[in-house]
There are 2 protein chains.
Amino acid sequence: MKTRRTRQLATIHEIVATAHDHPTAEQVCDRARRRVPRISLGTVYRNLQKLEEQQQVRVVHLHDRPTRYDGMLQEHDHFLCERCGMVADLAQSREARPNWSRLYRAGYRVRAQALTFYGLCPQCRRSEERPSRAGRDSAHQQD
Amino acid sequence: MKTRRTRQLATIHEIVATAHDHPTAEQVCDRARRRVPRISLGTVYRNLQKLEEQQQVRVVHLHDRPTRYDGMLQEHDHFLCERCGMVADLAQSREARPNWSRLYRAGYRVRAQALTFYGLCPQCRRSEERPSRAGRDSAHQQD
DNA sequence: CTTTCTGCAAACTCTTTGCACTCGT
DNA sequence: ACGAGTGCAAAGAGTTTGCAGAAAG
């Protein structure tokens with residue numbers, strides 16, 4: 001079962017690798033259609049899964065929201081703004097490591113870890129503090 | 001809109017508060033039926049949501065698996081065994097805090113954080129090392 | 001030519017919701 | 001009696017899958 005280089009796979013890979021906004025599968029699909037008009041959401045999911053297995057994209061699971069995909073391949077953490085939906089990459093807290101080795105000594109084997117912070121991004125915080133301006137929802141998030 | 005003390009709500013609360021296995025909504029429903037036979041899954045979801053809002057239960061979101069509910073009210077982290085599905089509570093890495101204040105200084109406001117480790121629990125690790133014994137799946141998980 | 005991949009639509013899983021009825025207060 | 005809560009079944013969102021035909025190697 002060797003993986004074939006299809007236009008769909010290449011397109012999806014490039015989109016996720018160069019996007020900086022952690023798109024959802026549906027957003028990846030929309031963007032991919034600009035280049036492969038008849039691409040289907042099923043194909044997008046299948047290829048994202050394949051890329052994940054090959055460690056060419058990372059998956060970001062967020063509580064209650066659709067899964068998002070990330071081209072940043074180094075281990076890192078995330079911040080989700082619950083107001084505008086923006087996801088920021090955070091340098092990994094090297095402090096999580098001690099926990100890792102504590103688990104190891106207790107007999108656990110850790111394959112992966114996910115640390116996500118939930119709250120308000122600086123922009124949204126500002127508009128909350130000055131309740132006068134800016135719409136309540138999906139404020140300044142691109143695409 | 002004042003909350004009423006119904007038999008369903010009390011039952012669900014008690015089940016989650018005393019369970020140590022992080023049951024899913026469906027498991028909570030099954031267990032609740034032993035006491036309230038006609039309780040429905042919809043009611044379970046509605047009440048779990050209510051309890052969550054009142055901070056009487058915690059929600060544990062796991063990648064790709066149904067959401068689980070936790071009666072442990074202090075902040076803590078989780079370990080998911082990807083083989084048997086068991087979830088362990090971990091004392092919170094106080095090390096996550098530095099990250100918290102770094103974010104604060106950058107203008108973010110953190111409302112919550114979730115740190116989950118994924119891997120093998122000691123029991124499952126042992127059976128992987130000695131591939132001879134023990135079934136491949138849902139090994140030693142209770143209920 | 002063989003085998004993987006694709007588009008499409010249907011299926012699935014988990015969760016939420018509308019509605020008429022029930023039960024706390 | 002009033003209105004929040006319930007059971008039920010249907011709807012919803014997100015994701016997966018079966019299949020016949022397309023295309024990579």
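Atoms considered below: every heavy atom in the structure, side chains included; atoms not considered: hydrogens, waters and symmetry mates. Naming: A, B, ... by sequence-line order, numbering from 1 per chain.
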Rounded to whole Å, how long is the line connecting atom [atom1] of [X] with atom [atom2] of [N]?
{"X": "Arg68(B)", "N": "dC14(C)", "atom1": "CZ", "atom2": "C1'", "value": "15 Å"}
{"X": "Leu62(B)", "N": "dT15(C)", "atom1": "CG", "atom2": "P", "value": "11 Å"}
{"X": "Gln8(A)", "N": "dT4(C)", "atom1": "CD", "atom2": "P", "value": "17 Å"}

Residue whose nearest DNA chain D nucleotide is more 5′ - Asp64(B) or Val36(B):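 Result of the comparison: Val36(B).
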Residues that, via side-chain heavy atoms closer than 4.5 angstrom, fall in one hydrophobic cluster with Met72(A): none
Most 5' of Ala25(B) and Ile39(A) on DNA chain C, judged by nearest nucleotide: Ile39(A)
With axes from five pairs an end, tell me the bend angle of the helix from dC1(C)-dG25(D) to dT25(C)-dA1(D), nearest 10°. 30°
Check the interface with nucleotides 21-25 of chain C: list each N/O to N/O pair with the protein under 3.5 Å, or write none.
residue : atom : partner : partner atom : Å
dG24(C) : N2   : Arg4(B) : NH2          : 2.9
dT25(C) : OP1  : Arg5(B) : N            : 3.3

Is the terminal nitrogen or CZ of Arg109(A) (NZ for Lys, CZ for Arg) located under 6.0 angstrom from the six-membered ring centre of Tyr104(A) and within 45° of that ring's axis? yes
Only one of Gln74(B), His20(B), His78(B), Arg58(B) passes side chain to side chain donor-acceptor pair (under 3.5 Å) with Asp89(B); say which it is. His78(B)
Looking at residues at least two apart in the chain, or sitting in another chain, which of them share a side-chain contact (heavy atoms from CB on, under 4.5 Å) with [X]?
{"X": "Arg46(B)", "answer": "Thr43(B)"}
{"X": "Gln54(B)", "answer": "Thr3(B), Lys50(B), Gln56(B)"}
{"X": "Arg65(B)", "answer": "Leu62(B), Leu80(B), Glu82(B)"}
{"X": "His61(A)", "answer": "Val59(A), Thr67(A), His63(B), Asp64(B)"}

Is there a path of hydrophobic side-chain contacts, each under 4.5 Å between heavy atoms of I/L/V/M/F/W/Y residues, joining Val36(B) to Leu41(B)?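 Yes, Leu41(B) and Val36(B) fall within the same hydrophobic cluster.
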Could you tell me whether Asp21(A) and Arg31(A) make a salt bridge, using a distance below 4.0 angstrom between a side-chain N and a carboxylate O?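 Judged by the 4.0 Å cut-off on N to carboxylate O distance, Asp21(A) and Arg31(A) do form a salt bridge.
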Using a cut-off of less than 4.0 Å, is there contact between a side-chain N or O of Thr67(B) and OP1 or OP2 of dT15(C)?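 Yes, Thr67(B) has a side-chain N/O under 4.0 Å of OP1/OP2 on dT15(C).
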Taking only residues two or more places apart in sequence or in another chain, which ones pass side chain to side chain donor-acceptor pair (under 3.5 Å) with [X]?
{"X": "Glu14(A)", "value": "Arg35(A)"}
{"X": "Thr11(A)", "value": "none"}
{"X": "His13(B)", "value": "none"}

State whether the number of non-hydrogen atoms from other residues, nucleotides or ligands found under 6.0 Å of Arg33(A) atom CZ is greater than 12.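 Atom CZ in Arg33(A) is packed in, count exceeds 12.
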Identify the 5'-most and 3'-most nucleotides of DNA chain D with at least one atom closer than 4.0 Å to a non-hydrogen atom of chain A. dG14(D) to dG25(D)
Touch check for Thr24(A), heavy atoms < 4.0 angstrom, all strands: base, sugar-phosphate only, or nothing?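 Nothing, no heavy atom under 4.0 Å.
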Counting only non-hydrogen atoms, which of residues 43-57 of chain B are less than 4.0 Å from DNA chain C? Tyr45(B), Arg46(B), Gln49(B)
